[in-house]
Number of protein chains: 2
Amino acid sequence: MLTPQEHRTLQFIRRHLAEHGYAPSLEEIGAAIGVRSRGSVHRYVSRLQDKGYLRRAPHGARALEVLDGPGDPAGSLPLLGRIAAGRPIEAIPGQDTLNLADFLLGPDRYALQVVGDSMIEAGILDGDTVVVRQQDRAEDGDIVVALIDGQEATLKRLRRCGGGMIELIPANAELSSMVYSAERVTIQGVVVGQLRSYR
Amino acid sequence: MLTPQEHRTLQFIRRHLAEHGYAPSLEEIGAAIGVRSRGSVHRYVSRLQDKGYLRRAPHGARALEVLDGPGDPAGSLPLLGRIAAGRPIEAIPGQDTLNLADFLLGPDRYALQVVGDSMIEAGILDGDTVVVRQQDRAEDGDIVVALIDGQEATLKRLRRCGGGMIELIPANAELSSMVYSAERVTIQGVVVGQLRSYR
DNA sequence: AGAATAGAGAACAAAACGAGAACATGCAAG
DNA sequence: CTTGCATGTTCTCGTTTTGTTCTCTATTCT
């Protein structure tokens with residue numbers, strides 16, 4: 001079992017890792033847990049390593065890695081069924097678990113946070129996050145991340161007009177679609193998923 | 001594990017790649033992370049390559065490819081930034097990873113697949129999946145799973161009227177809201193998240 | 001008192017860092 | 001083809017940060 005200081009150390013390392021993407025230095029850990037001496041911090045980290053909570057490369061700066069503690073989330077939700085207005089919730093045969101990874105993850109994917117209302121009628125609201133698969137081709141009707149003149153990035157629905165022209169259609173009646181010659185438009189990726197968190 | 005500079009380098013390469021479709025030059029990377037010397041940048045890129053985050057063709061200009069880094073924890077996506085129509089993709093300070101579990105999972109949550117268009121103006125489309133937190137209370141304005149007369153389940157926005165009446169408001173101008181006495185309505189949960197997968 | 005533990009800090013070693021020179025390579029303009 | 005430019009590669013140098021190993025002291029517990 002961990003001592004209070006060891007626990008604080010591990011907590012801080014986890015938090016720092018989540019927040020910055022890289023491990024803290026001994027100095028930083030010390031500042032966080034209220035210890036001035038790097039040597040003392042070193043002792044904590046060594047003990048956490050011995051107890052199997054951390055892995056560490058000798059002499060590598062910030063070469064800390066947090067190992068799986070007990071009780072890490074599995075990444076899935078119970079999928080109870082379908083809800084339609086005015087009916088009881090109906091189970092989906094053969095489908096009782098929603099695995100987030102299967103649902104959204106995949107190779108060459110990344111997330112972008114959407115600013116603005118240009119795709120609101122496609123159910124993509126200001127502040128939503130879209131999952132984009134990186135690729136340079138898209139089909140008509142796909143929602144794409146497009147680069148115009150190598151400068152402006154935008155999220156729009158794609159349609160090919162005749163004559164090498166490309167139409168980028170917002171899903172917002174207040175905005176009008178733009179038509180560009182194909183050379184001016186580069187497709188950076190296609191939206192394959194979307195997610196939102198309330199509050 | 002990555003050092004802070006290595007991390008910034010990788011983030012910038014990812015973003016540049018997503019936005020422009022080709023890798024940045026050493027000079028551009030240097031400018032982005034605040035290093036004047038191409039040699040130093042080269043060292044970063046080499047180290048990222050050694051650590052398995054990048055692949056690189058020798059002597060090819062801008063011949064960089066981002067691999068699925070060993071440091072990317074399972075169940076997460078690289079969050080490259082914000083996209084607003086007509087602007088370059090802008091990095092989000094202090095936020096470069098989207099952890100699906102943090103984003104959507106939590107205690108007492110389950111998923112429901114939505115059938116119908118009754119919440120379309122709230123960005124919840126037919127076929128979307130909503131994440132619901134099970135609870136029997138909700139605040140005005142929450143989107144709730146409500147059970148009417150213990151029979152019909154429905155997804156609506158909640159509003160309390162005076163006199164023990166409850167209004168369930170669809171987000172669809174073609175439908176009208178329904179008002180029930182409080183006894184007839186049971187709240188099953190509150191929508192806390194939503195996700196969608198295209199194709 | 002004696003043993004165990006924690007923090008401070010010194011001293012050293014290794015790694016990371018930034019700069020910049022020098023050279024190689026590939027590409028495109030002339 | 002030659003030249004020039006952008007780019008990648010390989011160095012060296014000096015500095016700073018970071019990790020490692022000590023010893024010393026204070027505190028706690030038995």
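Just so you know, these numbers come straight off a predicted model, no measurement behind them. Just the heavy atoms: all of them, side chains too, but no hydrogens, waters or symmetry mates, feed the values below. Just so it is clear: chains get the letters A, B, ... in the order the sequence lines come, proteins before strands, and each one is counted from 1.
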Please report the shortest heavy-atom distance between F12(A) and I29(A), naming the atom on each side. CE2-CA, 3.7 Å

So, S177(A) and R159(A): side-chain donor and acceptor under 3.5 Å apart, yes or no? no

Less than 4.0 angstrom between a side-chain N/O of Q5(B) and OP1 or OP2 of dG18(C), yes or no? yes

Smallest heavy-atom separation, S40(A) atom then V35(A) atom, equals CB-CG1, 3.7 Å

Can you find a donor-acceptor pair, distance only, under 3.5 Å between S40(B) side chain and dA19(C) base? yes

Within 6.0 Å of NE2 in H7(A), more than 12 heavy atoms from elsewhere: no

Verdict with reasoning, D117(B) to L125(B), per side-chain contact (heavy atoms from CB on, under 4.5 Å): CA-CA 6 Å; D117(B) 288 335; L125(B) 311 187; 5.6 Å; no

Step by step, work out the side-chain hydrogen bond (donor to acceptor under 3.5 Å, both in side chains) result for R56(B) and S46(B). CA-CA 9 Å; R56(B) 191 169 39 155; S46(B) 297; 3.2 Å; yes

Pairs flagged by salt bridge (charged side-chain N to carboxylate O under 4.0 Å, His left out) wherever residues 132-154 of chain B is involved - sequence neighbours left out: R199(A)-D142(B), D140(B)-R160(B), D149(B)-R184(B)

Cut-off 3.5 Å, side chains only: do Q11(A) and R8(A) have a donor facing an acceptor? no

Answer yes or no: does atom CD of Q151(A) have more than 12 heavy-atom neighbours from other residues, nucleotides or ligands under 6.0 Å? no

Phosphate OP1/OP2 of dG7(C): any R36(A) side-chain N/O under 4.0 Å: no

Below 3.5 Å, can you tabulate the donor-acceptor pairs from side chains in residues 102-110 of chain B to any protein atom, sequence neighbours excluded?
{"unit_1": "R109(B)", "atom_1": "NH1", "unit_2": "L104(B)", "atom_2": "O", "d": "2.8"}
{"unit_1": "R109(B)", "atom_1": "NH1", "unit_2": "L105(B)", "atom_2": "O", "d": "3.4"}

Atom pair distance, as rounded to whole Å: OH in Y44(B) and C1' in dA15(C): 12 Å

Whole-Å gap separating P (dA6(C)) and NE2 (H42(A)): 16 Å

Salt bridge present between E6(B) and K51(B) (N-O < 4.0 angstrom): yes

Check every strand shown and say whether R43(A) touches a base, only sugar-phosphate, or nothing at a heavy-atom separation below 4.0 Å. base

Side-chain donor/acceptor of R55(A) to backbone N/O of A63(A), under 3.5 Å: no

Between R36(B) and E27(B), is there a salt bridge with N-O shorter than 4.0 Å? no

Starting from the first five and the last five pairs of the helix from dA1(C)-dT30(D) to dG30(C)-dC1(D), work out the angle between the resulting helix axes, to 10 degrees. 30°

Contact boundaries of DNA chain D with chain A (under 4.0 Å, heavy atoms), 5' to 3'? dT18(D) to dT21(D)

Quick check on contacts: within residues 23-33 of chain B, what sits under 4.0 Å from DNA chain D by heavy-atom distance? S25(B), L26(B)

Nearest-Å distance for atom pair CG/P, residues D50(B) and dA16(C): 11 Å

Produce the list of close N/O pairs, under 3.5 Å, pairing protein atoms with atoms of nucleotides 21-26 of chain C; give distances to one decimal.
none

